[in-house]
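Basis for what follows: all heavy atoms, side chains included, without hydrogens, waters or symmetry-related copies. Keep in mind that what you see is a predicted model, and the values were worked out from it rather than measured.
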Amino acid sequence: MGSGFINYIKGLLLIFASICSWYSGYLLAQSIPHEPLSNAVNTVLNLGEKTVLKSPFPKRQKCDHRTSCPPNTYSYRLLSGGGKDKYAKICFENELLISEGKGNVARGINVAIVNYKTGKVIDTKYFDMFQGDNSGPLTQFIKNAPQKSLILMVTHDDGSRRLKNDTKNAVEDLGSKEIKNIQFRSSWVFLGGKGVDFPENIQREKINHSDGSRNRYMDWPAEIQIEGCIPHDTS
């Protein structure tokens, strides 16, 4: 046989071997499940993505505090009104004593009286200080509160226009340092008491005066609030 014939045979064998290799590869590819392969591809593609961890919303405590009050204390939160439409609120031990939902909040000074020994509400009332003669009844309401009472007060809209000096003196006797500074449409909140010794480090009063250059609600300042924990009566 000539060398040409031998080379021809070698060429045929090479082609046959290539066909066999291709067919073997095809059969191997067909035998591999597609789903795991796609999952592997997706895993590789997602390697560059950052894992986003979502923190759970913090659990609110009594009266919407961020942290719970210690044992043997009362939680409170006083919020003044904002403008005409955002009504004042008084929360005590997770109960809204005064709120729009309860229908016992209105323009003027809103007051809740709580028994210091039991933590139970004694009475709630509002006193319009924009019109009418309600300063005297407010003074009497304060004087009628029994000893060992917590007296919580918040303004809505205006609490000063018809507020008389006798009433201011009565509120000052409860521990207020701002009542004589109150002005037309001031936002004011106050925690007072009769026969109650408050710790020096708790929030008891805050005031925000109306100022046309920085008011939040046109002719009214922003609402303000105080909150904290009152130790139980141990006497």
Side-chain angles (χ1 to χ4, degrees), residues 53-126 142 145-146 148-157 159 171 174-179 181-182 186-209 214 216-217 220-235:
L53 299 177
K54 293 184 178 180
S55 301
F57 289 105
K59 183 180 178 181
R60 292 286 185 169
Q61 306 299 323
K62 288 181 179 179
C63 289
D64 212 27
H65 288 196
R66 291 186 179 275
T67 57
S68 60
C69 283
N72 300 316
T73 60
Y74 298 122
S75 62
Y76 68 93
R77 183 171 183 249
L78 280 64
L79 177 68
S80 72
K84 281 189 174 181
D85 300 325
K86 293 191 175 182
Y87 286 88
K89 295 178 183 178
I90 293 178
C91 179
F92 187 84
E93 277 295 276
N94 218 35
E95 179 184 356
L96 283 174
L97 306 184
I98 287 178
S99 69
E100 182 183 10
K102 296 194 74 169
N104 61 349
V105 60
R107 179 179 63 192
I109 297 178
N110 299 262
V111 188
I113 300 176
V114 175
N115 186 307
Y116 181 40
K117 287 183 174 289
T118 65
K120 301 299 182 182
V121 62
I122 296 173
D123 201 358
T124 65
K125 281 189 177 179
Y126 53 81
I142 293 171
K148 296 292 183 178
S149 291
L150 300 170
I151 302 177
L152 305 91
M153 311 177 76
V154 293
T155 58
H156 176 71
D157 191 350
V171 175
L174 301 176
S176 172
K177 296 180 180 179
E178 296 287 355
I179 188 62
N181 297 323
I182 195 169
S186 293
S187 292
W188 175 70
V189 293
F190 171 59
L191 167 64
K194 295 180 76 172
V196 178
D197 292 324
F198 293 101
E200 293 183 0
N201 62 342
I202 69 171
Q203 291 183 317
R204 291 189 56 193
E205 189 172 26
K206 189 179 286 187
I207 195 167
N208 188 22
H209 300 300
R214 59 184 183 89
R216 178 176 294 176
Y217 306 104
W220 291 267
E223 58 270 71
I224 53 174
Q225 72 173 25
I226 58 173
E227 62 180 41
C229 310
I230 307 168
H232 289 177
D233 180 26
T234 56
S235 61

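- Going from atom CZ of F190 over to atom CG of L174 covers 5.0 Å, rounded to the nearest 0.5 Å.
- Counted within 6.0 Å of NZ on K86, heavy atoms from surrounding residues, nucleotides or ligands total 12 or fewer; the atom is thus considered open.
- Judged by distance alone, the side chain of E205 and the main-chain N or O of K177 form a donor-acceptor pair under 3.5 Å.
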Practice prompt. For side-chain contact (heavy atoms from CB on, under 4.5 Å), just list the numbers for V111 and K125, CA-CA rounded to whole Å, side-chain angles, deciding distance to a tenth of an Å, and then say yes or no.
Written response: CA-CA 5 Å; V111 188; K125 281 189 177 179; 5.6 Å; no
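- Atom-to-atom distance recorded for D123:CG and L97:CG is 11.0 Å, nearest 0.5 angstrom.
- Ring geometry for Y87 versus H156: interplanar angle under 30°, hence parallel rather than tilted (30 to 60°).
- Counting non-hydrogen atoms of other residues, nucleotides and ligands closer than 6.0 Å to OH of Y116 gives a total above 12.
- Nearest heavy atom pair, residue S186 against residue I182, reads CB-CG1, 3.9 Å.
- The 12-atom threshold is exceeded at NZ of K117, counting heavy atoms of other residues, nucleotides or ligands nearer than 6.0 Å.
- In this structure, Q203 and Q225 have side chains that are not in contact, with every pair of non-hydrogen atoms separated by 4.5 Å or more.
- With salt bridges taken as basic N to acidic carboxylate O contacts below 4.0 Å, none links E178 and K206.
- Closest approach of N104 to I98, counting heavy atoms only: OD1-CA, 3.4 Å.
- Taking every heavy atom of both residues into account, Y217 and G83 meet most closely at CD1-N, 3.5 Å.
- Atoms NZ and CZ, on K120 and F92 in that order, are 10.0 Å from each other to the nearest 0.5 Å.
- Residues A222 and S187 share a closest heavy-atom pair of O-OG, 3.2 Å.
- Considering all non-hydrogen atoms of both residues, I151 and A145 come closest at CD1-CB, 4.0 Å.
- One distance of note links CZ of R77 with NZ of K89; it measures 7.0 Å at 0.5 Å rounding.
- Side-chain contact between D157 and W220 is present, with at least one heavy-atom pair separated by less than 4.5 Å.
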Worksheet item: Where do N208 and R214 land on the side-chain contact (heavy atoms from CB on, under 4.5 Å) test, with the steps shown first?
Response: CA-CA 11 Å; N208 188 22; R214 59 184 183 89; 3.4 Å; yes
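- Heavy-atom contacts from other residues, nucleotides or ligands closer than 6.0 Å to NZ of K102 number more than 12.
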Discussion item. Please evaluate residues L191 and F198 with respect to the criterion side-chain contact (heavy atoms from CB on, under 4.5 Å), reporting the C-alpha separation (whole Å), side-chain torsions for both, the decisive distance (0.1 Å), and the verdict.
Written reply: CA-CA 10 Å; L191 167 64; F198 293 101; 3.9 Å; yes
Item to complete: Run the numbers on T73 and I230 for side-chain contact (heavy atoms from CB on, under 4.5 Å), then give the verdict.
Response: CA-CA 5 Å; T73 60; I230 307 168; 5.9 Å; no
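- The CD1 atom of I224 sits 10.0 Å away from the CH2 atom of W188 when rounded to the nearest 0.5 Å.
- Screening D233, V121, I122 for a side chain to side chain contact (heavy atoms under 4.5 Å, CB included) involving N115 leaves a single residue, I122.
- Rounded to the nearest 0.5 angstrom, T124 OG1 and N110 CG are separated by 9.0 Å.
- Of all heavy-atom pairs spanning L96 and C91, the tightest one is CD2-CB, 4.0 Å.
- The side-chain hydrogen bond (donor to acceptor under 3.5 Å, both in side chains) with S75 is formed by just one residue from the set H65, E227, E93, E95; it is E93.
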